[in-house]
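Single-structure report; data block below.
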Amino acid sequence: MDLKIYKDKQKVAEQFSTYFVEKVGAGDTFHVALSGGSTPKIVFDVLAENFSDKVDWNKVHFYWGDERCVPPTDDESNYKMTVEHLFSKIEVPQENIHRILGEKDPETEAMRYANLLEINLDRVEDIPQFDLIILGMGDDGHTASIFPHEIELWDAEDHCVVATHPESGQKRVSINGKVINAAKEVAFLVTGASKAEKVKAVTEKTKGSEAYPASLVDPKSGNLVWFLDEDAAAELNPNPS
Ligand code: 6PG
């Protein structure tokens with residue numbers, strides 16, 4: 001586990017963008033699953049505005065680790081957020097964007113998306129393998145849309161599951177833990193003081209942290225990197241053993 005800690009969100013965005021450019025440049029077609037929520041906004045802005053000429057976007061295929069079951073025009077949509085902060089600023093072929101259809105029936109869409117991943121991605125032991133999965137983490141330790149109250153979804157047989165937000169009841173389609181841990185590389189993007197307690201719990205595996213889905217992220221590849229700002233890293237042990 002590689003912890004990369006930077007001064008603020010802007011620095012996290014710049015450093016992640018440099019990392020992303022290197023990852024894409026290293027190979028041919030690049031299949032990446034994006035995270036949603038608010039953290040990626042500044043990262044996508046910086047990537048699009050300062051690094052877009054350094055990426056051959058024709059090589060990059062975009063997927064999502066999770067999507068809210070809302071139309072793509074809804075302010076809650078991770079796809080809509082990504083259009084606003086990234087796709088509207090770069091030249092990426094429309095056929096390279098594989099959104100989760102939030103407007104469809106959740107169970108039907110989870111099955112469709114799982115099949116799409118099987119068709120589009122290489123498989124390792126029958127599990128679709130992304131080149132990179134970008135994850136966020138909620139204040140409650142959820143990641144993608146696997147929440148603590150439904151942590152059993154992590155080990156679901158199906159590559160994609162239907163989850164329920166614990167407060168709003170909003171339905172989500174999410175990839176499961178097997179797909180996350182099959183990725184060639186997983187990068188957490190976590191910023192802000194509200195995440196500090198769970199960042200410590202999850203990265204230092206403190207007592208009880210196994211209740212947090214983010215603590216189950218452990219890619220078989222061994223390639224797990226955390227991009228943190230100082231606020232999110234504030235409770236980490238300065239001299240890890
Ligand atoms: C989503 C995300 C989710 C997110 C965390 C952190 O659809 O909301 O994929 O897993 O990464 O909830 O969200 P913030 O970046 O808004 O704190």
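Predicted, not measured: the structure shown is a model, and the values here were computed from it. Order of appearance sets the numbers: ligands from 1, and atoms from 1 within every ligand. Index from 1, following the sequence.
- At least one N/O-N/O distance between G36 and ligand 1 falls below 3.5 Å.
- When each atom of ligand 1 is checked for a heavy atom of R172 under 4.0 Å away, the hits are 1 (C), 7 (O), 8 (O).
- Using a 4.0 angstrom heavy-atom cutoff, A144 counts as in contact with ligand 1.
- The side chain of D66, and not its backbone, has at least one atom closer than 4.0 Å to an atom of ligand 1 (non-hydrogen atoms only; side chain from C-beta on).
- Under the 6.0 Å cut-off for aromatic ring centres, F62 and F87 qualify, their centroids lying closer than that.
- You'll find the side chain of Q129 stays beyond 4.5 Å of the side chain of L121, heavy atoms only.
- The option from R68, H142, M81, M137 that lies nearest to atom 8 (O) of ligand 1, judged by heavy atoms, is R68.
- Between N78 and ligand 1, at least one N/O pair is under 3.5 Å apart.
- When side chains are defined from C-beta on, I175 counts as touching I133, because their heavy atoms get closer than 4.5 Å.
- Residue contact annotation: K195 has a non-hydrogen atom under 4.0 Å from ligand 1.
- Between F227 and Y6, the angle of the ring planes stays under 30°, which puts this pair in the parallel group of the 30/60° scheme.
- With respect to the salt-bridge test (charged N to carboxylate O, under 4.0 angstrom), the residues K89 and E49 qualify.
- Side-chain contact between I127 and H159: present, with at least one pair of heavy atoms (C-beta onward) separated by less than 4.5 Å.
- Nearest to atom 11 (O) of ligand 1 among the protein's heavy atoms is G136 CA, 3.2 Å.
- Among protein heavy atoms, the minimum distance from atom 13 (O) of ligand 1 is reached at G37 CA, 4.1 Å.
- No side-chain donor from either of H31 and D131 sits under 3.5 Å from a side-chain acceptor of the other.
- For atom 15 (O) of ligand 1, the closest non-hydrogen atom of the protein is T39 OG1, 2.5 Å.
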